[in-house]
Amino acid sequence: MTIGVVIVAAGRGERAGSPEEGPKQYRRIGGRPVIARTLERFLSWPRSGPVVVVIHPDDAALYAAAVADVDGAADVITTFGGETRQRSVYEGLTALSGTGATHVMIHDAARPFVDHDMLDRVAAALDAGHDGVLPAMPVTDTLKRGGSDGLVHETVPRAGLYAAQTPQTFLLSSIRTAHEKAAALRREDFTDDASIAEWAGLPVALVEGSVDNVKLTVKRDIAMADEKLSQMSFPDVRTGNGYDVHQLEPGDGVTLCGVFIPHDFKLSGHSDADVAIHALTDALLATCGAGDIGDHFPPSDMQWRGAASKIFLAHAAKIVRERGGIITNADISLIAEAPKVAPHRDAMRQNLAEILGITVDRCSVKATTNEKMGFVGRGEGIAAIATATVIYRGSVA
Ligand code: CTP
Ligand code: MG
């Protein structure tokens, strides 16, 4: 048995309103697109076979961006859907045929809270020999039938009534035949696959759904999902460190954190050799895996000769921001026998704040001697260690 998956995501989400925010399956809840969450639940389920996502022809770029960081998304087959959910499912079943899948789970992209326990229950029903399985929840509200006169006409007994969820799961060949038959007879009014199966005479077994497996339909559903996830989420706080060292040679002064301090020596190296800013640039790049300063400003490149190092730091800050990062702290320790750093600390912190676009209280510069030990102690060079703290949008969990 190979359980393929078809996720339908070609709808326009009209009931969710706010078309300027895009189709509901691409909106973010808890910092991540709905469809990324839905897709992940299936890709990480150990029994998943090939996965097809059915998208709207207008949404190719939206889809690619939404699932870019989803593990395994590169192996997902995408195909275009149609005017109705029924048509979109049919296109998905067609794309899944020939992949080796024997069974298919058909799932709404708009149900991102589907969980592995429920998928296991559905699969267990297949293992038990059922060729059609519907996860559903017993109806709990008392049901009334109303009339066009706005009055209650009767109370409908709720015993035996269930609310259908997805993934509705079938033997692939049977549900495909049922869909083909419906299409041939121009029956285009089915809102789920269990009703097509029923119409085609395929038996469907009920298994317990999940209260959390709601479909995001109206705007409030999306807002509530977002609130729920934001409460549960862990902020994506990352720290990076950086280290740099430059040699001292006879000269007229050193530049540290952008401040020129007159001295009998200067620092050698490419650019202005601002060892403190170089260390902090590496620390920032490290918070988003963006390599190091040498990758972005190769020492062999003549254009950086004598350059002010603040260009490097500003560039790293830009990369961090483009990746959704908010810089919350920058901390530098200088290790130098001379010159004295203390009188310049405030000017240095002010420089860092300006380059990074953050407040001065988030910038720290400290200095220590090396107690005359080692190369720093002998006055051969100056070293710097830096730590950057960045909060990235979204959540770790
Ligand atoms: N769907 C689809 N193709 C369609 C219509 C719906 O693939 N032509 C998908 C939706 O993207 C959704 C699922 O079917 O994941 C369930 O449908 P629904 O909640 O009705 O979504 P929409 O049709 O997008 O919303 P609305 O009915 O409010 O317009
Ligand atoms: Mg719809």
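Keep in mind that this is a model prediction, so the values were computed, not measured. Counting convention: from 1, in listed order, for ligands and their atoms alike.
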* For ligand 1, which atoms sit closer than 4.0 Å to a heavy atom of Ala110? -> 15 (O)
* Short side-chain to backbone donor-acceptor contact, Asp221 and Val218, under 3.5 Å -> yes
* Can you tell me which residue and heavy atom of the protein come closest to atom 6 (C) of ligand 1, and the distance to 0.1 Å? -> Gly11 CA, 3.6 Å
* Asked: Is there a donor in the side chain of Ser97 and an acceptor in the side chain of Arg176, or the other way round, less than 3.5 Å apart?
  -> yes
* Please say whether more than 12 non-hydrogen atoms of neighbouring residues, nucleotides or ligands are located less than 6.0 Å from CG in Asp71. => no
* Asked: How does Ser88 reach ligand 1, by side chain, by backbone, by both or by neither, if only non-hydrogen atoms under 4.0 Å count?
  -> side chain
* Structure fact -> Closest to atom 27 (O) of ligand 1 among protein heavy atoms sits Arg15 NH2, 3.0 Å
* Asked: Polar-atom distance check: Val54 versus ligand 1, any N or O pair below 3.5 Å?
  -> no
* Which ligand 1 atoms, with their elements, are less than 4.0 angstrom from a heavy-atom of Ala109? -> 15 (O)
* **Centroid-centroid under 6.0 Å between Phe190 and His179 rings** => no
* Asked: Are the aromatic ring centres of His103 and Phe170 under 6.0 angstrom apart?
  -> no
* To do: Answer side chain, backbone, both or neither: which part of Thr84 comes under 4.0 Å from ligand 1, heavy atoms only.
  => backbone
* To do: List the closest protein heavy-atom neighbour of atom 21 (O) of ligand 1: residue, atom name, distance to the nearest 0.1 Å.
  => Lys24 NZ, 3.2 Å
* Near Met373 CE, under 6.0 Å, is it more than 12 heavy atoms from other residues, nucleotides or ligands? -> yes
* Taking the side chain as C-beta and beyond, is there a heavy-atom pair between Val114 and Pro167 under 4.5 Å? -> yes
* Asked: Can you tell me the protein heavy atom closest to atom 19 (O) of ligand 1 and the distance?
  -> Lys215 NZ, 2.6 Å
* Asked: Mind checking whether Arg111 has a heavy atom under 4.0 Å from ligand 1?
  -> no
* Under the 3.5 angstrom rule, does the side chain of Asp226 hit a backbone N or O of Gly30 as a donor-acceptor pair? -> yes
* Asked: Of all the non-hydrogen atoms in the protein, which one sits nearest to atom 25 (O) of ligand 1, and at what distance?
  -> Gly13 CA, 3.2 Å
* Which one holds for Glu83 and ligand 1: side chain close, backbone close, both close, or neither close, with close meaning a heavy atom under 4.0 Å? -> backbone
* **Under 3.5 Å: N/O of Gly82 near N/O of ligand 1** => yes
* If you measure from CD1 on Ile332 to SG on Cys257, what distance do you get to the nearest 0.5 Å? -> 4.0 Å
* Asked: Going by the order shown, which atoms of ligand 1 are within less than 4.0 Å of some heavy atom of Glu14?
  -> 25 (O), 26 (P), 28 (O), 29 (O)
* Asked: Has ligand 1 got any nitrogen or oxygen that is less than 3.5 angstrom from a nitrogen or oxygen of Leu216?
  -> no
* To do: Evaluate the side-chain proximity of Val320 to Tyr392: yes if any heavy-atom separation is below 4.5 Å, no if none is.
  => yes
* Look at atom 12 (C) of ligand 1 and say which protein heavy atom is nearest, naming residue and atom and giving the distance to 0.1 Å. => Val8 O, 3.8 Å
* To do: List the closest protein heavy-atom neighbour of atom 13 (C) of ligand 1: residue, atom name, distance to the nearest 0.1 Å.
  => Asp108 OD1, 3.3 Å
* Structure fact -> Counting heavy atoms under 4.0 Å, the part of Gln25 that contacts ligand 1 is side chain
* Can you find a non-hydrogen atom of Gly81 under 4.0 Å from ligand 1? -> no
* Asked: For Lys366, does the NZ atom have more than 12 heavy-atom neighbours from other residues, nucleotides or ligands under 6.0 Å away?
  -> yes
* **Taking atom 7 (O) of ligand 1 as the reference point, the nearest protein heavy atom with its distance** => Ala10 N, 2.8 Å
* Does CE belonging to Met224 count more than 12 external heavy atoms closer than 6.0 Å? -> no
